[in-house]
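What follows is a short report on a single structure.
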Protein chains: 2
Amino acid sequence: MDDVADRAGVSQMTVSRVMSGKGYISSKVRDQVHAAAAEIGYVQNRLARGLRSEQSSLIAVVLPTLGNTVFTEVLRGITDALSAQSLRPVFGLTEYSEDREYELVRDLLSWRPAGIVLAGLEHSDQTRRAIDASGVRVAEVMDIDGEPISTAFGLSQKAAGQVTAQHMLDKGHRRFVYAGSQSGADLRAGKRLEGFRQTVREAGGTIVSEIISSQPSSMVEGRRITAEILSGGDRPDAIYYSNDDLAAGGIMHCLAEGVRIPGDIAMAGFNGLPYLDALPIQLTTIQTPRYDIGFQAGKLLAMQGEDRSSTASQLVDLGFELSVGRTC
Amino acid sequence: MDDVADRAGVSQMTVSRVMSGKGYISSKVRDQVHAAAAEIGYVQNRLARGLRSEQSSLIAVVLPTLGNTVFTEVLRGITDALSAQSLRPVFGLTEYSEDREYELVRDLLSWRPAGIVLAGLEHSDQTRRAIDASGVRVAEVMDIDGEPISTAFGLSQKAAGQVTAQHMLDKGHRRFVYAGSQSGADLRAGKRLEGFRQTVREAGGTIVSEIISSQPSSMVEGRRITAEILSGGDRPDAIYYSNDDLAAGGIMHCLAEGVRIPGDIAMAGFNGLPYLDALPIQLTTIQTPRYDIGFQAGKLLAMQGEDRSSTASQLVDLGFELSVGRTC
DNA sequence: CTGAAAGCGCTAACAT
DNA sequence: ATGTTAGCGCTTTCAG
């Protein structure tokens, strides 16, 4: 900055004001400074800026995985919301481990981020304490069934499970199998299953079995699980998959093996991923506002305490929609 | 750090040494310091550390999009490679725009990252100058057909196009349609097409038409394009898709409409995405080492100039493999 | 509208 | 093996 100041014939402080766009500067001086900066290829040092102003324009993002389209869309939403304010996401992946989440939160906090995004509402006490002590603003995403740290954007996972169950029951199905993945580490999927179970039970239906693979969810794994289910002696009426990727794998299995959907077996998924529209059979699923969840979380953290009026903890329900296809 | 030092009864510099793990510290003092830090919940300030040491443990990552699985896998590879050294990725998305890439590079450079990852080898002069001036280490990913800034990890996109063409020609196909997306903004896809064209031409085949959608690539878009191609009067022998998502859409169209593959129409894609294994018909495609590309790029940037011996610009060919399915 | 002085929290360099 | 001193590049604060 000193070099730029010399070139522009002003003080270093004036350069600082021009760069940060704060304070009153005559347009003549501003132009001189910009010209000088361009000539020598000056690039701000945000480490210094952040150190002095006790505020870095970084947003910490801690997500379970990038292997699930859901989180890449959330991340896109966050990134888009931030880019207007030239805030940047720094991120880490937990692979659904609470311990790993804590490590990442600790580490990311050392960057003095302007905010932090976390997936879900369940975090270890350590994690909560570290965040509390740091005073960063937090946005939790995807889930609203529980107590948020401050603000959570998402949908009721439990209600999604209930709505799906009700629809399947209405279609006359009574004997279900649940197909999940990740060894049940995905807590949101667990809540959906809980809602599903409850509604099925109340209607007198049965969940014949719950098959939970140890693998990450994928179409291939969905196809494998489905083959396993259908090869068993006791075929259920319908399969409730923990998400669309697994369900799409189920559709593929049936397409390949000539199993009729929903005649031989009915199916439902969760998420409403775009590619479902390309499949030969439309999957019945729950459409979730993933991008919007990310975008709104990003926007909240982006507005610098301007509107910090609502300090109280809040649950922002962005809703979901049952998308009825031809699989049940 | 002063507070920790007081508690531990040592100087602040000793705390610094313990925290950064540099220099000789008696294990007794180390334990005292760690205990004191834990008691008051001390969290390092990396902004200060970075400012002083002229080196932040951030790696800038600039990718075109997260809408393409390819880049999420590259990003996973990068993230995994970095996490061992507790380096964190800060990132931005260009949406395939060179101008946006420049803006992002400028902005990310202000964090004084230890390294930067860029997609492809084509960058504006401005971008190259900014990077040059900053002196950061660079890793370019995915492409090796061209002149890298310093080191590029990837595969020959052109060769991939040639290999695909040769295989399709060997299978007896002569009249092709190329199906692409993004209005051709994806330069790697362009290089594949170039290789494809060349091999087809040399063998006396014909590319009947090149259909390039303005949409981002997706299965839905692939299905739409395929419907369009097959409804035309002049049906080609085969379609070469710029990637697997489009090709999978093509398969879906044929499955839904009863078009026989490869009897009525043959197909090939690019990438070798995992979900292809779940489809009823195995797509012929090119398997690319996306995760590994990201991982190696991350590793290079992670090793702090330890092995900066090879300053010369380098192309690291991580290869690809033709994966022969049942679509051609 | 512009400038001077001080200091954010660390680590490099030099002492001991 | 530990301590002292100085200063990284910026912004806050106070003065004009």
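No hydrogens, no waters, no symmetry mates; every other heavy atom, side chains included, goes into these values. Naming convention: chains lettered A, B, ... in sequence-line order (proteins, then strands); numbering from 1 in each chain. Owing to the predicted nature of the structure, the values given are computational and were not obtained by experimental measurement.
Counted by atom type alone, A:Ser11 and A:Thr14 present one or more donor-acceptor pairs between their side chains at under 3.5 Å.
Listed by chain and residue number, nothing satisfies the salt bridge (charged side-chain N to carboxylate O under 4.0 Å, His left out) test with B:Glu140 (two or more places apart in sequence, or in another chain). A search for salt bridge (charged side-chain N to carboxylate O under 4.0 Å, His left out) contacts involving A:Glu39 returns A:Arg7, not counting sequence neighbours.
For the atom pair CG of A:Leu63 and CE of A:Met142, the computed distance is 10.5 Å after rounding to the nearest 0.5 Å. To the nearest 0.5 angstrom, A:Leu75 atom CG is 12.5 Å from A:Thr69 atom OG1. For the atom pair A:Arg52 CZ and A:Ser16 OG, the distance stands at 10.5 Å (nearest 0.5 Å). Distance check: B:Leu315 CG to B:Asp145 CG gives 8.5 Å after rounding to the nearest 0.5 Å. Here the CZ-CD1 distance, from B:Arg137 to B:Ile131, works out to 13.5 Å after rounding to the nearest 0.5 Å. Distance check, rounded to the nearest 0.5 Å: CG of A:Leu301 to CG of A:Leu87 gives 9.0 Å.
With respect to B:Lys191 and B:Glu122, a salt bridge is recorded, a charged nitrogen being found less than 4.0 Å from a carboxylate O. Salt-bridge annotation for A:Arg106 and A:Glu103: absent, with no side-chain N of the basic residue lying under 4.0 Å from a carboxylate O of the acidic one.
When rounded to the nearest whole Å, the span between CH2 of B:Trp111 and P of D:dG9 equals 16 Å. Between the C1' atom of D:dT2 and the CD atom of B:Gln12 lies a distance of 13 Å, rounded to the nearest Å.
Scanning residues 1-10 of chain B for heavy-atom distances under 4.0 Å to DNA chain C yields B:Met1. Within residues 17-34 of chain B, the residues that have a heavy atom under 4.0 Å from DNA chain D are, in order of number, B:Arg17, B:Tyr24, B:Ile25, B:Ser26, B:Val29. Only A:Tyr42, A:Gln44, A:Asn45, A:Ala48, A:Arg49, listed by number, bring a heavy atom of residues 39-50 of chain A to less than 4.0 angstrom from any atom of DNA chain D.
You'll find the ring centres of A:Phe91 and B:Phe91 inside the 6.0 Å limit.
With a heavy-atom cut-off of 4.0 Å to chain B, the contacted part of DNA chain C has its first and last nucleotide at C:dG9 to C:dA12.
Minimum heavy-atom separation, A:Val33 to A:Val4: O-CG1, 3.9 Å.
Backbone-only engagement by A:Thr14 is indicated by non-hydrogen atom pairs under 4.0 Å involving sugar-phosphate atoms exclusively.
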